[in-house]
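Reminder, nothing fancy here: chain letters follow the sequence lines and each chain counts from 1.
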Protein chains: 2
Amino acid sequence: MPASTDISTDLDDISFLGRLSEALSQRIEEQTRPLFDDAGITVPVRSCSLLTALSEAGEASAADLARALGQSHQLVVQKCPALLRLGLITQHADPADARRKIFRLTDAGRDQLARIDAYSARISEVYRALFAEVGDVHGTILKALNALDARPLSERIAGSRTD
Amino acid sequence: MPASTDISTDLDDISFLGRLSEALSQRIEEQTRPLFDDAGITVPVRSCSLLTALSEAGEASAADLARALGQSHQLVVQKCPALLRLGLITQHADPADARRKIFRLTDAGRDQLARIDAYSARISEVYRALFAEVGDVHGTILKALNALDARPLSERIAGSRTD
DNA sequence: ACTACAATATATTGCGCAATATATTGTATG
DNA sequence: CATACAATATATTGCGCAATATATTGTAGT
């Protein structure tokens with residue numbers, strides 16, 4: 001549990017939005033973990049998409065997974081040891097390319113994915129209800145991200161100059 | 001710069017919302033740092049509020065600051081060494097309570113705060129424009145946070161049971 | 001074949017944070 | 001006074017990620 005219950009929402013605080021969105025990310029992570037525990041899901045919350053991508057690919061190298069997930073290669077590499085330890089994936093040398101190491105799902109990994117799939121419908125439902133309650137968090141954040149990618153703060157600040 | 005340009009926005013991905021909000025937090029952090037550099041602000045972006053709180057308090061212990069900021073004591077303690085190294089704050093023993101160490105702003109710290117203040121109005125303006133463009137990110141995230149605090153995912157999942 | 005370059009993997013370091021444990025000091029109670 | 005308890009500070013460890021550097025292997029050009 002995070003120690004901070006009270007988050008500054010002051011608009012004059014320069015990094016208010018960053019901390020707010022980080023806080024949301026943390027709440028979700030914190031609240032999802034016990035759900036996973038109850039459902040017998042041992043997968044790290046942030047590695048679910050890796051398992052899914054591996055399942056879709058059948059087999060894949062770290063670089064393949066990184067591309068599929070839009071994450072960095074290093075990040076994927078750093079996640080894999082935990083999944084190996086949990087016995088959810090296996091690692092194999094690529095006979096055709098000695099640079100690559102190929103990952104595959106184990107039966108345990110497939111079992112985890114099945115559990116995740118069974119859960120994901122209900123979780124999506126919960127999120128849809130949440131969005132109906134508080135507004136389209138998902139869409140709004142997405143729009144903000146795209147806007148910042150298209151035109152970063154530096155340009156926006158420059159454009160707001162009065163001189 | 002983060003390696004991931006392409007973030008999964010798939011609603012079926014259980015942790016999509018967590019990653020989205022984290023991505024937003026990162027974009028803001030990344031894009032704010034160079035702005036600070038240009039403005040001669042050396043303060044770590046995430047320590048701005050600490051400096052502000054210290055300025056308002058005049059002098060304060062780590063625990064005082066933690067309470068004022070709604071952050072954990074440990075987090076404050078871990079941020080302070082950097083501010084000490086930068087010469088923005090000083091540390092003093094409390095004559096009245098040997099448990100406490102008192103922090104104070106230095107002149108350099110006050111100078112940094114002045115620069116931050118000068119910037120903050122323009123940054124607020126930029127955010128207001130951004131919100132006008134993409135929707136009220138701030139308010140929506142805040143509502144989501146409050147909703148999750150009031151009723152965590154576990155309850156929401158339980159409530160969505162069909163049996 | 002040799003060289004240059006691209007892709008992949010690995011290792012190391014650092015940031016920001018949480019969690020935990022321990023030491024120190026103050027306060028209140030018997 | 002002694003003991004228990006609360007508050008504060010410090011140290012250590014771990015997580016998740018980025019950044020950087022280096023090694024290895026494949027590929028293309030000469």
Side-chain angles (χ1 to χ4, degrees), chain A residues 1-5 7 15 18-19 21-33 43-50 60-86 91-103, chain B residues 1-5 7 15 18-19 21-33 43-50 60-86 91-103:
Chain A
M1 204 184 325
S4 60
T5 40
I7 290 142
S15 54
R19 265 180 298 104
S21 43
E22 198 199 322
L24 180 58
S25 172
Q26 284 173 5
R27 285 293 185 293
I28 292 171
E29 170 91 26
E30 289 160 25
Q31 298 191 359
T32 305
R33 186 67 259 168
V43 185
V45 177
R46 299 196 122 87
S47 296
C48 282
S49 53
L50 203 165
S61 70
D64 293 337
L65 292 168
R67 270 187 299 269
L69 293 167
Q71 297 178 357
S72 72
H73 170 258
Q74 298 98 307
L75 182 51
V76 171
V77 162
Q78 282 168 342
K79 282 175 172 176
C80 285
L83 300 178
L84 284 165
R85 269 200 312 280
L86 288 166
Q91 205 179 30
H92 313 270
D94 183 343
D97 187 338
R99 290 174 303 181
R100 290 159 41 94
K101 287 189 176 176
I102 298 176
F103 296 103
Chain B
M1 203 185 328
S4 59
T5 40
I7 290 144
S15 55
R19 264 180 298 106
S21 44
E22 199 199 320
L24 179 58
S25 173
Q26 284 173 7
R27 285 293 185 292
I28 290 170
E29 169 91 26
E30 289 160 24
Q31 298 191 359
T32 304
R33 187 64 259 169
V43 185
V45 177
R46 298 195 123 88
S47 296
C48 282
S49 54
L50 203 165
S61 70
D64 293 336
L65 292 168
R67 271 186 299 267
L69 294 166
Q71 296 178 358
S72 73
H73 170 258
Q74 300 98 307
L75 182 50
V76 170
V77 162
Q78 282 168 341
K79 282 175 174 176
C80 285
L83 300 178
L84 284 165
R85 269 200 312 279
L86 288 167
Q91 207 179 27
H92 313 272
D94 184 342
D97 188 338
R99 288 174 305 182
R100 289 159 42 92
K101 287 190 177 176
I102 299 177
F103 296 103

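- Taking every heavy atom of both residues into account, B:Pro44 and B:Leu86 meet most closely at CD-CD1, 4.0 Å.
- Counting to the nearest Å, the C1' atom of C:dG16 and the CG atom of B:Leu69 are 15 Å from each other.
- In this structure A:Lys79 satisfies the side chain to side chain contact (heavy atoms under 4.5 Å, CB included) test together with A:Arg46, A:Ser47, A:Leu50, A:Gln71, A:Leu75, sequence neighbours excluded.
- In this structure, A:Lys79 and A:Pro95 both approach DNA chain D, and ranking their closest nucleotides by distance from the 5' end singles out A:Lys79.
- The distance between atom CZ of B:Arg19 and atom C1' of D:dG16, rounded to the nearest whole Å, is 13 Å.
- If you take CD of B:Glu22 and C1' of C:dC17, they are 12 Å apart, rounded to a whole angstrom.
- In this structure, the side chains of B:Gln26 and B:Glu29 stay at 4.5 Å or more apart for every pair of heavy atoms.
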Check: Tell me, for nucleotides 8-15 of chain D in 5' to 3' order, what letter each nucleotide earns: B for a base near a protein heavy atom under 4.0 Å, S for only sugar-phosphate near one, - for neither?
Finding: SBB-B---
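- Two residues are said to be in side-chain contact when any heavy atoms from C-beta on lie closer than 4.5 Å; A:Leu24 and B:Ser25 fail this criterion.
- The base-pairing partner of C:dT22, taking Watson-Crick or G-U wobble contacts with both distances under 3.5 Å, is D:dA9.
- Looking at every heavy atom in both residues, A:Cys48 comes nearest to A:Val43 through N-CG1, 4.0 Å.
- Counting to the nearest Å, the P atom of C:dA18 and the CD atom of A:Glu29 are 13 Å from each other.
- With sequence neighbours excluded, the residues satisfying side chain to side chain contact (heavy atoms under 4.5 Å, CB included) with A:Arg99 are A:Asp97.
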